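For reference, the structure discussed in these notes is given below.
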Amino acid sequence: MSVRVRMAPSPTGVLHVGTARAALFNWLYARHHGGVFIVRIDDTDLERSTKEYEDEILDSILWLGLDWDEGPRVGGPHGTYRQSDRFDRYREVARSLVESGAAYFDDRSAEELEELRQKAQSEGKHPGHYIRRPDQERTEGAIRLSIPQDGPVVFDDLVRGRVSFEPQDIDDFVILRSDGTPTYHLASTTDDVDYGITHVARGEDLLPSTPKHILLTRAMGHTEPVYAHLPLLFGTDGRKLSKRHGATALSEYREAGFLPEAMFNYLANLGWSLDGETTIFTKEQAIAAFDLANVSKNPAAFDPEKLAWMNGEYIRAMAPERFDELIRPWIEKDLGRELEPDEWDRFGMVSPLVQERTRLLPEAAEQVRFLFADFESYDRASWDKVMTKDGVAGVLDRAIEGLEAVDPWDAVHIEEEMRKLPAELEMGAAKVFQPVRVAVTGTSVSPPLFESMAALGRDRTLERLRRARRELG
RNA sequence: GGUCCCGUCGUCCAGCGGUCUAGGACGCCGGCCUUUCAAGCCGGAAACGCGGGUUCGAAUCCCGUCGGGACUGCCA
């Protein structure tokens with residue numbers, strides 16, 4: 001039987017990195033086995049679900065580089081792949097379960113149920129212990145699945161191994177609310193059955209729900225899929241990944257200048273590894289090697305630092321043309337205007353040098369800002385560190401004098417001239433070039449100096465050197 | 001409280017009874033290179049939670065303990 005897996009996001013918020021990672025593992029599993037990857041919209045919560053979130057989620061998945069074979073936008077043999085379009089089907093399932101005796105109506109009030117929970121808890125029992133089928137049959141209210149008390153629910157989880165739950169610890173959960181809408185358990189399980197899902201790989205937070213889904217599936221007369229519960233993602237402090245750790249939405253990383261291929265690679269390394277040695281690898285390598293059985297059981301910390309490093313690796317490895325194409329919008333965003341053709345040409349003189357030292361696109365844009373805009377003031381720390389030293393004025397004077405005569409104005413000739421200074425002034429190279437760098441770029445950290453000056457142009461370079469000289473007094 | 005899951009460097013991953021003086025990656029520290037910053041190269045510090053067992057032999061198997069987490073809704 002061919003593998004059919006799915007990701008089933010709820011459009012009640014933006015795509016979380018943890019959900020994205022789960023989607024990624026499902027996708028890898030499907031592609032590895034030549035199976036089918038399905039996206040299904042779990043929007044049974046009509047109150048909180050929106051079309052905007054649905055689009056945001058789908059766009060984020062696409063950005064990550066995952067494509068789906070059945071689901072919204074692409075269709076498939078099972079309709080719209082949106083649960084809100086299948087409420088009739090879920091009601092039909094619930095009704096037939098009542099008819100077969102597997103489920104029952106329950107019209108007890110919230111207060112009554114709460115009392116039963118309190119009682120059970122005070123006796124050290126499972127909260128749902130006393131919430132079972134009432135003695136007298138009801139004909140309205142919510143519909144609960146009756147949990148058979150004849151034996152444990154045992155299943156072999158692909159990543160956890162054998163997991164077992166005792167029936168008294170499973171509550172008679174609601175499958176159809178009294179307003180006729182299905183709960184997540186009913187809708188998800190029905191869809192998994194109807195869509196022929198063979199493997200369910202999802203977050204570990206759903207592990208306690210799994211016996212319910214298994215029992216529901218069996219009550220429907222089917223055999224449950226194989227389950228794989230993936231470890232959860234945490235922040236670097238070991239706490240649940242939340243806003244405090246920075247971005248939790250995939251789209252925030254996109255907006256921060258991360259590359260999808262770096263994100264893909266990084267996420268694939270959270271809970272799984274290609275071979276234990278290789279950190280950077282392609283999608284194809286991942287597909288070839290992936291197996292849910294090799295997924296780690298431990299929760300993983302999402303480390304933005306390592307992601308940034310990996311992003312830099314991908315940036316350095318890409319074709320220069322692609323780098324130029326990617327960096328341009330960031331430079332323009334940083335400047336707040338579009339680049340003129342001649343400015344773009346000038347950027348080309350330093351582009352390869354910038355690409356080499358970029359981890360994040362927005363950071364690179366900042367580094368070349370001096371090429372396109374005059375800075376109002378010098379970076380304070382840089383100025384204090386290099387411009388207050390003895391001999392700086394002399395360096396600038398000599399640099400200005402020498403540079404005026406450089407011809408043609410290109411990196412090679414600028415360097416030829418500048419290289420004369422240290423010996424002439426009897427100073428170390430860094431002592432000479434750093435003041436010039438601060439004068440020209442406004443800070444002590446910049447792309448290589450000679451190329452930067454070449455790209456800036458003679459007039460602006462000299463203008464900035466003179467300005468700095470004036471500031472020195 | 002109850003149920004379930006997890007426990008190897010600060011972090012991610014490898015290790016599935018002997019080859020572990022525990023390997024790779026990020027980060028960190030030092031050095032080289034060097035006009036700054038990166039990159040690159042070289043080197044370093046850094047972990048099997050604890051206690052019992054099983055075994056000739058345990059990071060690897062079992063039990064306990066401690067610690068962490070998830071769930072415990074007519075949310076998903």
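So that the names make sense, note that chain A is the first sequence line, chain B the second, and so on, each numbered from 1. Quick caveat: nothing in here was measured; it's all calculated off a predicted structure.
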When all nucleic acid strands are considered with a 4.0 Å heavy-atom cut-off, which category describes [X]: base, sugar-phosphate, or nothing?
| X | value |
| --- | --- |
| L206(A) | base |
| T44(A) | sugar-phosphate |
| P299(A) | sugar-phosphate |
| F450(A) | base |
| G271(A) | sugar-phosphate |
| R419(A) | base |
| S122(A) | nothing |
| L449(A) | base |
| P448(A) | base |
| Q168(A) | nothing |

In terms of side-chain heavy atoms of [X], which of [options] is nearest?
| X | options | answer |
| --- | --- | --- |
| L270(A) | rC12(B), rC13(B), rU36(B) | rC12(B) |
| P127(A) | rU72(B), rC6(B), rG69(B) | rU72(B) |
| D45(A) | rA76(B), rA39(B), rC12(B) | rA76(B) |
| R160(A) | rC5(B), rU35(B), rU3(B) | rC5(B) |
| N294(A) | rC16(B), rA38(B), rC5(B) | rC16(B) |
| D303(A) | rC5(B), rC12(B), rU11(B) | rU11(B) |
| R437(A) | rA76(B), rC13(B), rU36(B) | rU36(B) |
| A429(A) | rC13(B), rA39(B), rU35(B) | rU35(B) |
| T279(A) | rA25(B), rC13(B), rC74(B) | rA25(B) |
| K297(A) | rA70(B), rA38(B), rC6(B) | rC6(B) |

In whole angstroms, how far is the [atom2] atom of [N] from the [atom1] atom of [X]?
| X | N | atom1 | atom2 | answer |
| --- | --- | --- | --- | --- |
| M310(A) | rC13(B) | CE | P | 12 Å |
| E451(A) | rU35(B) | CD | P | 12 Å |
| E277(A) | rG24(B) | CD | C1' | 4 Å |
| I131(A) | rG73(B) | CD1 | C1' | 10 Å |
| E123(A) | rU3(B) | CD | C1' | 17 Å |
| L232(A) | rC71(B) | CG | C1' | 11 Å |
| H16(A) | rA70(B) | NE2 | P | 12 Å |
| F323(A) | rA39(B) | CZ | C1' | 13 Å |

Roughly how many Å apart are [M] and [N], using the [atom1] atom of each and rounding to a whole number?
| N | M | atom1 | result |
| --- | --- | --- | --- |
| rC9(B) | rA22(B) | P | 14 Å |
| rC48(B) | rC33(B) | P | 37 Å |
| rC42(B) | rC4(B) | C1' | 49 Å |
| rG27(B) | rG40(B) | P | 9 Å |
| rA25(B) | rC66(B) | P | 38 Å |
| rG10(B) | rA45(B) | C1' | 12 Å |
| rA59(B) | rU3(B) | P | 32 Å |
| rG7(B) | rC12(B) | P | 12 Å |

Pick the closest RNA chain B nucleotide for W309(A) and for S446(A) by heavy atoms, then say which residue is nearer the 5' end.
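Looking at RNA chain B, the more 5' nearest nucleotide goes with W309(A).
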
Between Q434(A) and T181(A), who's closer to the 5' end of RNA chain B by nearest nucleotide?
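The residue mapped nearer the 5' terminus is Q434(A).
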
Which one is paired to [N], where only Watson-Crick or G-U wobble pairs with both distances under 3.5 angstrom count?
| N | answer |
| --- | --- |
| rU34(B) | none |
| rA59(B) | none |
| rG10(B) | rC26(B) |
| rA45(B) | none |
| rA70(B) | rU3(B) |
| rG64(B) | rC50(B) |
| rC16(B) | none |

Mark yes or no for whether [X], through its side chain, and [Y], through its backbone, hold a donor-acceptor pair below 3.5 Å.
| X | Y | result |
| --- | --- | --- |
| S10(A) | T12(A) | no |
| E366(A) | E363(A) | no |
| E112(A) | S109(A) | yes |
| N311(A) | A262(A) | no |
| T461(A) | L456(A) | no |
| D410(A) | A454(A) | no |

Taking the inter-plane angle between the rings of H229(A) and Y227(A) on a 0 to 90° scale, is it parallel (under 30°), tilted (30 to 60°) or perpendicular (over 60°)?
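H229(A) and Y227(A): parallel rings.
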
Aromatic plane relationship, H185(A) with H213(A) - under 30° parallel, 30 to 60° tilted, over 60° perpendicular:
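Judged by the thresholds at 30° and 60°, the geometry between H213(A) and H185(A) is tilted.
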
Side-chain N or O of [X] versus OP1/OP2 of [N]: is the shortest distance under 4.0 Å?
| X | N | result |
| --- | --- | --- |
| R359(A) | rC37(B) | no |
| R117(A) | rG1(B) | no |
| R144(A) | rC74(B) | yes |
| N269(A) | rC12(B) | no |
| N298(A) | rU8(B) | yes |

For the CZ atom of R40(A) and the CZ atom of R86(A), what is their distance to the nearest 0.5 Å?
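Answer rounded to 0.5 Å: 8.5 Å.
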
Without hydrogens or angle criteria, can the side chains of Y90(A) and D191(A) be said to hold a donor-acceptor pair below 3.5 Å?
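Short answer, yes.
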
Test for a donor-acceptor pair under 3.5 Å between the base of rC37(B) and the side chain of R357(A), counting only N and O atoms.
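For R357(A), whose side chain was compared with the base of rC37(B), there is a donor-acceptor pair (under 3.5 Å).
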
Distance-only donor-acceptor test (3.5 Å): side chain S178(A), base rC74(B)
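Indeed there is one.
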
